[in-house]
Amino acid sequence: AKDVGILAVDIYFPPTCVQQAELEAYDGASKGKYAIGLGQDCLAFCTELEDVISMSLTVVTSLLEKYQIDPKMIGRLEVGTETVIDKSKSIKTWLMQIFEEHGNTDIEGVDSTNACYGGTAALFNCVNWVESNSWDGRYGLVVCTDSAVYAEGPARPTGGAAAIAMLIGPHAPIAFESKYRGTHMSHVYDFYKPNLASEYPVVDGKLSQTCYLMALDSCYKRFCAKYEKFEGKQFSISDADYFVFHSPYNKLVQKSFARLYFNDFMRNSSSVDKEAREKLEPFSSLSGNESYQSRDLEKVSQQVAKNLYDEKVQPATLVPKQVGNMYTASLYAAFASVLHDKHSTLVGQRIVMFSYGSGLSSSMFSLRIQDGQHPFSLSNIDNVMNVSGKLEARHVFPPEKFVETMKVMEHRYGAKDFVTAKDTSLLSPGTFYLTQVDSMYRRFYSRK
Ligand code: ACO
């Protein structure tokens, strides 16, 4: 199969959100801490009506309908998630309801889990399947679905929720450059969920930032080495038009791009101009460890990379800033932001993606954009996703209501024998929602 990659995309996030500036004031944090310090505008959250299963039912159904894909044409379905609703039964099996109705139970794939990386594992599985001997000519479908919630404290404003679905096949407008992949995996306790009775992670926020940046360096070095091996020339930031990062909060994305720029400086690459070189020179003798701790380096590199950040990264920040961390869906929601903003000029361009999941697993990979045939054209993908429309249709809740909802959800996590509220007025037509969990913990959903 040629040009295997992403043919179609759809995105769903809850219609309920809280504004970071309001949350900041409510939490008694200093003014600007969440909005400027973390770089976040808004945070979306599930009410008791929605969860990772309902969001994935919504987004898969919507993708199949809007691109008019016959459910029989799906041969592999992979879900990436880190939101555990059941320790055995995969979310994929809930999604089978959609396909069974059409007589299709011949669908490989289950769920992949490792923090925010599961979506990328699912995506690689699907792409590899289409590129392999076991491919049967049908489409792959990848779903990333997560609800990111944190206990009260400094991590809470970095929550969010969303589901993304991506259709995988040959002759894709968004084709994988599969040769250029750099991966770094390692054993760390930076963010993990050892308490199975709680949805909240145990998180060492500072360590997780450093782990993220170390993983980024390592993946970038390996990515560059692979590129050089196949292309016979050095890779630098100039060789990609956009860089899309896993986005727990925007400040980390700013730091990440600055870190790539610093890497290019250390590799003596032409992407770093003379003025920047002079400013970065004092940091050239820092050891690896020192460089992660240096606040001055962080500041200077962000400052010298600012213009390139605006050009190559900023277009990927809309949805993550508006919705928050979507865990497995975050990287792909950032990518959806680029498609939304730049779909008319992307043909022929290269997009480099960085996926990070705590614990930790990380990969950098490359996508090449080309013209797609309807319904898989970039402009149609933008139409279907309707990012602006969905953002504008949201309902802003006051922080009190958000905190109250978090409390309800704490009690509901792992609970049985309850029904949810009957009021679905905030959900748009076509949205799936949870109606009941019975005495056997079986979950029931309806569609509005
Ligand atoms: N105005 C402007 N900026 C401010 C203000 C203010 N009033 N107050 C603080 N800031 C800045 C700080 O200077 C800092 O920015 P900097 O790093 O550029 O200096 C930023 O706001 C954050 O403030 P801190 O005090 O450093 O950190 P805090 O204790 O609030 O925690 C953290 C932030 C660690 C990100 C926390 O929210 C967290 O643990 N989140 C979850 C972990 C996470 O997302 N890790 C990322 C990778 S792993 C994953 O995806 C889950």
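For ligands, and for the atoms within them, numbers begin at 1 and follow the listed sequence.
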Sub-4.0 Å heavy-atom approach of His246 to ligand 1 | yes
Look at Glu404 together with Lys407 and state whether they make a salt bridge at an N to O cut-off of under 4.0 Å.
-> no
Does Arg443 come within less than 4.0 Å of Asp51, counting only side-chain N to carboxylate O?
-> yes
Ion pair check, Glu392 and Arg394, cut-off under 4.0 Å | no
Could Lys255 and Glu298 be called an ion pair, given the rule that one side-chain N must be under 4.0 Å from one carboxylate O?
-> yes
With no hydrogens and no angle check, do the side chains of Asn380 and Tyr67 hold a donor and an acceptor under 3.5 Å apart?
-> no
Mark yes or no: Lys226 above the aromatic ring of Tyr180, with NZ or CZ under 6.0 Å from the six-membered ring centre and no more than 45 degrees from the axis.
-> no
Heavy-atom nearest neighbour in the protein, as seen from atom 9 (C) of ligand 1, with distance rounded to 0.1 Å = Lys33 CG, 3.7 Å
For Lys251, the ligand 1 atoms whose distance to one of its heavy atoms is below 4.0 Å = 15 (O), 16 (P), 18 (O)
Any non-hydrogen atom of Arg295 lying under 4.0 Å from ligand 1?
-> yes
Could you list which atoms of ligand 1 come closer than 4.0 Å to a heavy atom of Ser30?
-> 5 (C), 6 (C), 7 (N), 8 (N)
Would you say Ser269's side chain and Ser271's backbone share a donor-acceptor pair under 3.5 angstrom?
-> yes
Heavy-atom nearest neighbour in the protein, as seen from atom 32 (C) of ligand 1, with distance rounded to 0.1 Å | Gln209 NE2, 4.4 Å
Contact summary for Arg267 and Phe235, nearest pair of heavy atoms = NH2-O, 2.7 Å
Should one rank Ala115, Pro154, Gly37 by closest heavy-atom distance to atom 36 (C) of ligand 1, which comes out on top?
-> Pro154
How far is atom 24 (P) of ligand 1 from its nearest protein heavy atom, and which residue and atom is that?
-> Lys206 NZ, 3.5 Å
May I ask you to say whether Glu82 pairs ionically with Lys193, meaning some side-chain N is under 4.0 Å from a carboxylate O?
-> yes
Taking only heavy atoms of Lys31 into account, list the atoms of ligand 1 that are under 4.0 Å away from them.
-> 1 (N), 6 (C), 7 (N)
Aromatic Phe418 / basic Arg412 pairing, under 6.0 angstrom, 45° off normal | yes
So, Glu152 and Tyr200: side-chain donor and acceptor under 3.5 Å apart, yes or no?
-> no
Any N or O on Asp190 sitting closer than 3.5 Å to an N or O of ligand 1?
-> no
Proximal candidate to atom 39 (O) of ligand 1 [heavy atom criterion; set Gly32, Ala148, Gly205, Ala215] = Gly205
Can you tell which part of Asn325 has a heavy atom less than 4.0 Å from ligand 1: side chain, backbone, both or neither?
-> side chain
Is any side-chain N of the basic residue among Glu275 and Lys279 closer than 4.0 Å to the acidic one's carboxylate O?
-> yes
So, is Tyr327 polar-close to ligand 1, with some N/O to N/O distance under 3.5 Å?
-> no
Atom 51 (C) of ligand 1: closest protein heavy atom, distance to 0.1 Å, is Tyr150 OH, 3.4 Å
Answer yes when Arg259 and Asp217 have at least one side-chain N-carboxylate O distance shorter than 4.0 Å, and no when they do not.
-> yes
Pull out every atom of ligand 1 sitting under 4.0 Å from any heavy atom of Ala155, numbered as shown with elements.
-> 36 (C), 37 (O), 38 (C), 39 (O), 40 (N), 41 (C)
If we number the atoms of ligand 1 from 1 as shown, the ones under 4.0 Å from a heavy atom of Ser358 are 48 (S)
Which atoms of ligand 1 sit under 4.0 Å from any heavy atom of Pro248?
-> 44 (O), 46 (C), 47 (C), 50 (O)
Which option out of Leu38, Ile36, Val203, Leu252 puts a heavy atom nearest to atom 42 (C) of ligand 1?
-> Val203
Non-hydrogen protein atom less than 4.0 angstrom from atom 12 (C) of ligand 1 | no
Identify, by atom number and element, the atoms of ligand 1 in contact range of Lys255, meaning under 4.0 Å from any of its heavy atoms.
-> 16 (P), 17 (O), 18 (O)
Does an N or O anywhere in Tyr249 fall below 3.5 Å from an N or O of ligand 1?
-> no
Quick one: does Tyr34 get a heavy atom under 4.0 Å from ligand 1?
-> no
Could you check atom 40 (N) of ligand 1 against the protein and tell me its nearest heavy-atom contact, residue, atom and distance included?
-> Thr158 OG1, 3.3 Å
Does Arg181 make a cation-pi contact with Phe124 (under 6.0 Å, within 45 degrees of the axis)?
-> yes
Interfacing atoms of ligand 1 (cut-off 4.0 Å, heavy-atom, Ser208) = 42 (C), 43 (C), 45 (N), 46 (C), 47 (C)
